[in-house]
Amino acid sequence: MNELRIAVVGAGLMGADHVTRITTRIVGASVVAIVEPDAGRAAAAIASAPGSVHFASIEEAIAAGIVDAVLIATPGQFHEPVLLPVLAAGLPVLCEKPLTPSSAAALRVLEAEQKAGKKLLQVGFMRRFDREYMQLRSLIASGDAGELLALRCAHRNPSVPASYTNDMLINDSVVHEIDVVRYLTDSPITAIEVKHQKRNSLSPAGLKEPILVLLETESGILADVEMNVSIQFGYQVRTEAVFERGLAEIGRTSGMTTWTDGVIGTAEHMSFTTRFADAYDTQIQRWVNATLVGEIDGPSAWDGYLVAVACEAGVTALNGGGRVKIEYAPRPAFYS
Ligand code: ISE
């Protein structure tokens with residue numbers, strides 16, 4: 001096989017972005033099928049992937065026999081019903097984060113993958129493909145600045161739709177830090193605590209944010225996350241690493257700086273789709289390359305399960321649970 005025929009499931013913001021990416025920038029792959037219940041979104045996606053076909057369900061797309069791999073970009077609660085038939089059909093799949101919103105569902109997905117007998121599933125934690133995150137991970141592993149002591153994370157969105165709920169602060173947004181803190185420290189998260197800050201009056205009604213999240217790793221690192229989803233000015237994800245002998249920072253706003261009318265200015269991102277565009281491109285290209293040779297090249301279903309457990313604890317903490325300890329099921333040999 002030298003061209004991967006992909007079905008994209010879900011053609012909302014992220015799905016549509018992936019369809020354009022695969023069609024215009026990714027080598028060795030094309031979008032052949034769109035699975036999307038909304039007629040308008042489906043039509044727009046089909047139009048940006050010439051030759052692709054619309055299917056009402058993943059089962060129909062699989063049955064058509066034209067699909068080599070699947071990319072799932074629906075909201076998290078719809079992942080399991082798509083993943084199970086895809087894994088049963090033995091198809092490789094890249095599933096956007098979170099793998100599933102519940103750890104019980106994640107365990108069912110792990111079982112389905114083990115039944116398929118081969119690692120087929122990669123989870124879309126795209127920050128692992130961001131150049132600066134990779135650099136920071138290497139710096140931590142090298143020990144060049146001494147031992148890592150703490151991580152200070154800021155995750156800021158200009159705004160969110162009215163449909164965004166309090167639990168999504170953890171499951172949809174902090175989910176990235178939950179994965180990346182383990183990726184950077186190479187150590188599982190063992191406890192989580194969430195504090196509410198003064199409410200931003202610009203948040204959608206009912207949303208209590210920003211929040212401050214504290215993550216503890218087994219290796220003793222403390223990571224704090226300022227999670228803000230209504231900060232208006234732009235989209236920003238920054239991380240500062242505190243070492244025994246110094247600091248490192250990633251995620252500074254970059255690009256052309258202007259000095260005019262007594263003001264210094266650099267354009268800020270307004271969305272994760274541009275802030276992480278390069279990371280998404282790298283993630284999808286590496287997934288395509290690996291899939292063409294029967295492998296995965298990124299976070300596995302096991303990584304997705306660990307994050308699902310920590311997110312569940314995070315939602316408990318958010319809802320007044322205090323400091324919540326996190327325990328994981330033993331890792332099956334399949335994922336070692
Ligand atoms: C969104 O779903 C993402 O994944 C973004 O990376 C994150 O910054 C945002 O808060 C989420 O809603």
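It should be emphasised that the depicted structure is a prediction, and the values quoted were computed from it without experimental measurement. Whatever order the structure lists ligands and atoms in, that order sets their numbers, starting from 1.
- When only modelled atom types and interatomic distance are considered, E80 and T100 share no side-chain donor-acceptor pair under 3.5 Å.
- Residues A106 and L99 approach most closely at CB-CD2, 4.2 Å, considering heavy atoms.
- Within the 4.0 Å heavy-atom criterion, neither part of M168 lies near ligand 1.
- Of the N or O atoms in R127, none lie within a sub-3.5 Å distance of an N or O in ligand 1.
- Residues M270 and F233 approach most closely at SD-O, 3.5 Å, considering heavy atoms.
- In summary, the side chains of S271 and T273 do present a donor paired with an acceptor at a separation below 3.5 Å, with no hydrogens or angles considered.
- With a 4.0 Å cut-off on non-hydrogen atoms, D172 touches ligand 1 through its backbone as well as its side chain.
- By the 3.5 Å distance cut-off applied to N or O atoms, H155 is counted among the residues near ligand 1.
- The two residues D281 and I26 come nearest to each other via the heavy atoms O-CD1, 3.6 Å.
- Looking from atom 5 (C) of ligand 1 to the surrounding protein, the closest heavy atom is F272 CD2, 3.4 Å.
- For atom 9 (C) of ligand 1, the closest non-hydrogen atom of the protein is N157 OD1, 3.1 Å.
- At least one heavy atom of K97 sits less than 4.0 Å from an atom of ligand 1.
- Residue contact annotation: Y235 has a non-hydrogen atom under 4.0 Å from ligand 1.
- When hydrogens are left out, the protein atom nearest atom 10 (O) of ligand 1 is S173 OG, 2.6 Å; that is the closest non-hydrogen contact.
- Remark: minimum distance from atom 6 (O) of ligand 1 to any protein heavy atom is reached at H176 NE2, 3.1 Å.
- Contact check on E177 versus R127 returns a salt bridge, with a Lys/Arg side-chain nitrogen under 4.0 Å from an Asp/Glu carboxylate oxygen.
- Across R182 and P188, no two heavy atoms sit closer than the pair CD-CA, 4.0 Å.
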